Amino acid sequence: MTPLAVADPGGLIQSVDWVAVAPPLIAALAALAVLVTDLFLPPARKRLLGWLSAAGLLAALAALIPLVGDARSTFCFGSGGCSYTADHFALAFQLLALGGALLTVLLSLHTVEKERLPGGEYWFLLLCSACGAALLPAARDLATLVIALEVATLPAFALVALRRDGRGAESALKFFLSSVTATAVMLLGVSFVYAAAGTLQLQGVADGLAHAPGRLKPLAEAGAVLTLVGFAFKTAAVPFHFWVPDTYVGAPLPVAGYLSVVGKAAGLSGLALVTTLAFRPYGHTWGLVLAVLAALTMTAGNAAALRQRPDAPHGAVRLLAWSSVGQAGYLLVPLAAAGYAGSAEPLGATVAYALIYGLVNLGAFGAVALVGGSGRLDGFRGLAGRNRWAALALAFFLLCLAGLPPGVVGLFGKVVVFRAAVDAGLGWLAVVMAVNVVVALAYYLKWTALLFAPSAGAAEPRRSPASLRVALGLAAGGAAVLSVAPQLVLQVVSGSLF
């Protein structure tokens with residue numbers, strides 16, 4: 001009998017933990033169901049595809065409930081490493097990705113019909129991107145991380161290009177070229193890291209880099225830097241942020257909101273994993289790099305948002321785009337603190353702030369979609385007289401982003417991030433953050449004041465689409481609940497994520 005090539009062939013066979021992989025898997029199955037159903041539905045009933053997408057995302061969110069508690073891993077190897085782990089970190093970002101995608105679906109129901117976007121393709125691409133965004137935080141090897149990141153990003157190019165007014169194709173091309181360049185740089189970095197560490201498992205990479213021969217250390221360090229560049233682009237960190245304003249303006253408005261929240265969350269979760277798990281031996285180095293990136297990102301984003309003119313076309317979307325760049329800077333602060341602290345404990349601040357930011361930022365985009373019009377900031381003057389509830393909701397979201405009452409949850413989120421920087425000894429970064437928070441107050445409050453300013457014309461109330469009102473109500477209700485009981489989300493700060 002011919003001997004087998006492996007000593008224990010039975011060890012190569014393992015059962016898949018379907019409960020652990022259920023959230024991204026359900027999103028992927030929903031995408032296939034939408035694609036197949038689109039073939040048989042008559043044009044008059046294409047709207048049902050949006051509700052089918054919402055049902056699929058609700059099922060994916062429900063699949064998170066059995067995972068609350070102990071971490072579950074699957075796709076494991078004999079060496080002890082696993083490629084997929086559903087722990088507290090993964091669940092928090094999966095909640096953000098799938099919940100953000102669900103709100104995007106509700107925001108998109110009216111947009112798809114109004115702008116005559118191809119419904120089947122739109123919902124399929126959105127669900128595919130949400131699947132990748134949900135898979136990424138549970139990935140525990142570099143290959144799965146890269147694949148998940150591209151699954152989340154590639155459909156987004158097509159979503160941006162679906163708008164057929166000329167701006168969509170141009171914005172998608174800019175987004176595509178810059179993203180592909182960042183991905184190529186990241187893949188080169190991953191190959192360098194693999195050559196130095198001899199493995200793609202995140203924990204194995206950390207061990208391999210810590211004991212790498214001296215002649216391979218320059219290769220490993222270069223690989224770590226190039227890998228961080230790719231994830232920094234996805235997070236829209238300066239100087240890799242240049243694609244954001246034009247892409248958001250050219251994309252359908254719900255897609256812009258999706259990119260600002262779910263797209264950013266995907267890049268942020270990947271950046272957190274590779275730094276705190278894989279590149280742990282270089283903690284002080286990447287901690288300093290991320291601290292500088294955080295300071296530059298929040299400063300550039302807030303300064304550009306401050307310069308937006310009220311009469312500029314698409315000024316509202318551009319302001320939210322630059323605001324999202326500034327918010328990315330705040331989200332990077334706890335990551336930098338984790339490098340200095342030498343542990344993953346400060347990451348809880350990033351997770352908590354990301355959940356808060358995702359809810360209120362999508363709500364702000366929903367309010368802008370509800371108002372419609374030219375997108376100029378001047379178009380929001382006197383909104384309270386035309387649509388009182390939309391004005392109150394948008395004012396509440398802007399105050400949450402600014403960190404002012406009654407948006408108490410935004411204030412708590414900023415305090416948690418600020419404390420993470422101070423506890424890690426990054427006093428200078430905490431000062432930069434405090435200055436930027438004050439600068440951001442100017443444009444948030446200026447926009448809020450416009451909502452209640454006297455309008456030159458007579459008020460013309462008009463009925464808003466039901467799906468937009470539902471999305472806005474969910475976002476406003478969620479933010480209000482978190483403002484009353486912030487411990488619902490801030491408890492992740494004190495718990496163990498991994």
Side-chain angles (χ1 to χ4, degrees), residues 20-32 34 53-54 56-64 67 83-108 122-140 143-160 175 179 182-183 186 230-236 244 247-248 251 254-274 324 327-328 331 350-351 354-355 357-359 361-362 365:
V21 301
L25 180 61
I26 291 174
L29 293 176
L32 291 176
V34 165
S53 302
L57 290 170
L58 274 175
L61 284 168
L64 295 175
L67 300 176
S83 293
Y84 187 100
T85 299
D87 50 20
H88 294 156
F89 176 87
L91 292 185
F93 274 102
Q94 286 177 341
L95 174 63
L96 176 57
L98 297 172
L102 178 60
L103 277 178
T104 304
V105 168
L106 295 176
L107 294 176
S108 301
Y122 184 94
W123 303 118
F124 172 73
L125 292 168
L126 183 61
L127 288 169
C128 286
S129 180
C131 170
L135 172 63
L136 197 147
R140 291 299 180 269
T144 308
L145 271 176
V146 172
I147 292 172
L149 188 61
E150 292 311 300
V151 171
T153 304
L154 289 175
F157 303 148
L159 283 171
V160 174
F175 185 21
S179 181
T183 300
M186 180 175 61
F231 283 104
F233 171 87
K234 309 296 184 182
T235 314
V244 172
T247 299
Y248 285 16
V255 174
Y258 176 85
L259 291 175
S260 73
V261 173
V262 180
K264 187 179 274 76
L268 192 70
S269 60
L271 186 63
L273 287 172
V274 296
S324 74
Q327 298 286 344
L331 289 166
T350 287
V351 175
L355 290 170
Y357 160 77
L359 183 63
N361 205 62
L362 267 176
F365 272 97

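On a predicted model such as this, the values are computed, not experimentally measured, just so you know.
The side-chain heavy atoms of Ser324 and Val244, taken from C-beta on, include a pair separated by under 4.5 Å. Between Phe93 and Leu136 the shortest side-chain heavy-atom distance does not fall below 4.5 Å. Using a 4.5 Å heavy-atom threshold, the side chains of Val151 and Leu135 count as separate. When side chains are defined from C-beta on, Val351 does not count as touching His88, because their heavy atoms never get closer than 4.5 Å. Side chains of Leu331 and Thr235 form no contact here, defined as non-hydrogen atoms less than 4.5 Å apart. Put simply, the side chain of Asn361 does not reach to within 4.5 Å of the side chain of Gln327, judged on heavy atoms. Here the side chains of Phe89 and Leu273 are in contact, with some heavy-atom distance below 4.5 Å. Counting heavy atoms from C-beta on, the side chains of Pro254 and Leu126 never come closer than 4.5 Å.
Going from atom CG of Leu149 over to atom CG of Leu154 covers 9.0 Å, rounded to the nearest 0.5 Å. In this structure, CG in Leu271 is found 14.0 Å from CZ in Phe233, a value given to the nearest 0.5 Å. Between atom CD of residue Gln94 and atom CG of residue Leu67 there is a gap of 7.5 Å, rounded to the nearest 0.5 Å. Note that OG1 of Thr104 is 9.0 Å distant from CG of Leu259, once rounded to the nearest 0.5 Å. Rounding to the nearest 0.5 Å places CG of Leu127 at 9.5 Å from CG of Leu32. Within the model, atoms OG of Ser260 and OH of Tyr357 stand 4.5 Å from one another, a figure rounded to the nearest 0.5 Å.
Partner Val105 forms a side-chain contact (heavy atoms from CB on, under 4.5 Å) with one of Trp123, Tyr122, Tyr258 and no other, that one being Trp123.
Of all heavy-atom pairs spanning Val34 and Phe124, the tightest one is CG1-N, 4.1 Å. Taking both residues in full, the closest heavy atoms of Ala139 and Thr144 are given as CB-CG2, 3.5 Å, listed atom of the first, atom of the second, then distance. Summarising the geometry of Gly56 relative to Ile26, their closest heavy-atom pair is O-CG2, 3.6 Å, with the distance given to 0.1 Å. For the residue pair Gly267 and Phe231, the shortest heavy atom distance occurs at O-CD2, 3.9 Å. Closest approach of Ala28 and Cys131 over heavy atoms only: CB-SG, 3.7 Å.
Not a single side-chain hydrogen bond (donor to acceptor under 3.5 Å, both in side chains) links Ser269 to another residue, sequence neighbours left out. By the side-chain hydrogen bond (donor to acceptor under 3.5 Å, both in side chains) test, Tyr248 pairs with no residue at all, sequence neighbours left out. Under the salt bridge (Lys or Arg N to Asp or Glu O under 4.0 Å) criterion, Lys264 pairs with no residue, sequence neighbours left out.
Thr153 places no side-chain N or O within donor-acceptor distance of the main-chain N or O of Glu150, the cut-off being under 3.5 Å.
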